[in-house]
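Worksheet: the structure to be examined is printed underneath.
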Amino acid sequence: MFGAFIIACGTTHVMEVITLWHPIYWLSGLLKAITAFVSVTTAIQLFPLLPQLLALPSPAQLEAEIAERKRTEEILRENEQRWQLALNGNNDGIWDWNVKTNEVFFSTRWKTMLGYEEHEVANQLQEIWLKIHPEDIDFVIKTVQNHFAKITPFYTAEFRVLCKDGTYKWILDRGQALWDEDGKVVRMVGSHTDITERKQAEVTISKLLTQLEIKVEERTAELKRINTSLQTEIQKRQETETALRESEERFRTAFHQAAVGIAHIGLDGKWLLVNQRLCDIVGYTPQELQSRTFQEITHPDDLEAALKYVEQMLIGEIQTYTMEKRYFCKDGSLVWINLTVSLTHTDFGSPKYFIAVVEDISDRKHSQKQIQASLLEKEVLLKEIYHRVKNNLQVISSLLNLQSEYIKDKHDMEIFQQSQQRIASMALIHEKMYQSPDLARIDFGEYIQDLVASLFSSYEIQAGNISLKLNLDTHVLLGLDLAIPCGLIIHELISNSLKYGFPQGGEGEIHIDIRKNHQQQCIITVRDNGVGLPANFNFKNTPSLGLQLVNALTCQLAGDIQIKNNNGVEFQIIFPFI
């Protein structure tokens, strides 16, 4: 309207000049009327705007506001730089969730921690929900709901998240929600930390603890068996100790009535004072013993250690010492004693004399020798058992061999030969057990080498026709319960390859791989490049006794078997390694 008013005024002035030559007064009057109308309308429109016009800031105020805005923008830029530095420098991933729009900001570290590029993760809530492990999703939702309901002051959860390479990482996720005046959550900001190594360490520790418990139980059972033979002696010893304690309580001030040998010994080693019990142990009278030093009745092999302890006590390195040593008795025999020595001091702190407590432990030493002899006897017995089992299996194999001379049917002969080979594989295990240093486990890789060599010889495989590739982990040590079924499984698989894998007698390869993985599982792989299995082959329903035996033994090991029939056949058996 103001612009129209200016134009109308200018047009009116121009018209007045024109009327000097052309008296068109009616047109001039019309323009003036229009100008008046526009003027009045403009005034009416401007009237409500007068308060706003009067409130406009002065130039000085505008300069102050501009300066304040610049300072604010500078602070915002600094805060933004700090925020970016924090995001880039923090090893944790940062996320910011707008609960109303379900838009989520994920930091670069959040994405790279899972193996994603910047553009591969959209800023949407579903990006994280789709990556949480299915077993953990309900737990995470419940934890978020509890925080939104203010049941928990902070949101904290540990769960697995899918990485770009298809693996899962354990994540420690933490966050804090923001509520509006109505108590509704509008925003939540948090971080997530990679705790995969910690979780793996916890699993490893748990497995180690389980193994340790098993070993402790085994060792406890072994000790119980040993202690059974010593119960009578232990009971007598406990009764003696009880009697000794009661005697000490009643007569602790009666030096000469003590149940153990007690003596005061000078700094030069001379017996100063002895009780009757000590005299009884060594066979000397108190007078005879006091005329000697402890060095004279100590066995030469024990003297150096005793003197070293004495020197350490005199210079203040130790306050007391205990050792087992031998004394010569008066009759020339040796007695084992448990010696405990302490040093007394004068009021000025200088050494005064030694106090020695002597206990006769000859019976205990004798019992220890008996235990060692018993353990050696049991070890010899166990070796003899392995040896006899191996011999008995060989006898059975020989009987089958004799019986096979009366068999005319070729199929029956093969069954007998297979039975002989299976018995031979079990006999070989007992032979390895007999030769093993700990008599409880065998090196399974070494056993497989001997077993396969025996099979190649039994099937008369010509050198160069079928080559054998072995990849055996030398750290796979198996006990008898695992070695026998594993040996029979490998025996059946190798036998099948030799019999059926190369029907034309051509050249080929058989691979055997035995290893142990990080999950404490044993993996046995047997494959060849022969003709493979027939079409529509059903491993669970096969008339082959050998494959039925493989399936049954795998179930016995609580394992799993996988078969690949491509350019030959591959059997992979996985079972827990105990």
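These figures come from a predicted structure and were not determined experimentally.
Salt-bridge annotation for Asp96 and Arg187: present, with a side-chain N of the basic residue lying under 4.0 Å from a carboxylate O of the acidic one. Residues Glu222 and Arg219 are paired through a salt bridge, judged by an N-O separation under 4.0 Å between the basic side chain and the carboxylate. Between Glu120 and Lys111, none of the side-chain N atoms (NZ, or NE/NH1/NH2) sits under 4.0 Å from a carboxylate O, so this pair counts as no salt bridge. Ion pairing between a basic and an acidic side chain is recognised when a charged N comes within 4.0 Å of a carboxylate O; Glu158 and Lys199 show such pairing. Between Glu117 and Lys164, none of the side-chain N atoms (NZ, or NE/NH1/NH2) sits under 4.0 Å from a carboxylate O, so this pair counts as no salt bridge.
You'll find the side chain of Val99 reaches within 4.5 Å of the side chain of Val185, heavy atoms only. Within the 4.5 Å cutoff, side-chain heavy atoms of Ile573 are placed close to those of Leu493. By the 4.5 Å heavy-atom criterion applied to side chains, Leu208 and Gln211 are counted as neighbours. Using a 4.5 Å cut-off on side-chain heavy atoms (C-beta onward), Trp179 and Lys150 make contact. His133 is not listed as a side-chain neighbour of Val161, based on a closest heavy-atom distance of 4.5 Å or more. The side-chain heavy atoms of Phe106 and Ile94, taken from C-beta on, include no pair separated by under 4.5 Å. At a threshold of 4.5 Å between non-hydrogen side-chain atoms, the residues Asn517 and Ile523 count as touching. Under the 4.5 Å side-chain criterion, counting only non-hydrogen atoms from C-beta, Ile563 is in contact with Leu533.
Remark: side-chain polar atoms of Thr242 are paired, donor with acceptor, to backbone N or O of Gln238 under 3.5 angstrom.
Of all heavy-atom pairs between Thr12 and Leu31, the closest is OG1-O, 3.8 Å. Residue Phe5 comes nearest to Ser39 through the heavy atom pair CE1-CB, 3.3 Å, listed as atom of the first residue, atom of the second, then distance. Shortest non-hydrogen contact noted between Ser467 and Glu509 is OG-CG, 3.0 Å. The two residues Ser497 and Ile510 make their nearest non-hydrogen contact at CB-CD1, 3.9 Å. Taking both residues in full, the closest heavy atoms of Thr156 and Thr143 are given as O-CG2, 3.4 Å, listed atom of the first, atom of the second, then distance. Residue Asp194 comes nearest to Ile171 through the heavy atom pair CA-CD1, 4.0 Å, listed as atom of the first residue, atom of the second, then distance.
Heavy atoms of other residues, nucleotides or ligands lying less than 6.0 angstrom from CD of Glu197 number 12 at most. Atom CG of Asn471 has more than 12 neighbouring heavy atoms from other residues, nucleotides or ligands inside a 6.0 Å radius. For Lys207, the NZ atom sits in a packed shell: over 12 heavy atoms of surrounding residues, nucleotides or ligands are nearer than 6.0 Å.
Atom CD1 of Ile137 and atom CZ of Phe159 lie 8.5 Å apart (nearest 0.5 Å).
Looking at Trp97 and Asn102, their side chains do bring a donor and an acceptor atom within 3.5 Å of each other. There is no side-chain donor-acceptor pair under 3.5 Å between Glu16 and Ser28. A donor atom on one side chain and an acceptor atom on the other are found under 3.5 Å apart for Arg174 and Thr193.
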Worked verdict on Trp95 versus Asp173 for side-chain hydrogen bond (donor to acceptor under 3.5 Å, both in side chains): CA-CA 10 Å; Trp95 51 267; Asp173 206 20; 3.0 Å; yes
field: side-chain hydrogen bond (donor to acceptor under 3.5 Å, both in side chains) between Thr152 and Asn146, worked out
entry: CA-CA 6 Å; Thr152 56; Asn146 289 341; 5.9 Å; no
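Below 30°, between 30° and 60°, or above 60°: for His147 and Tyr155 the angle between ring planes is between 30° and 60°, a tilted geometry.
A cation-pi arrangement is absent between Lys32 and Phe37 under the rule of less than 6.0 angstrom and at most 45 degrees off the ring axis.
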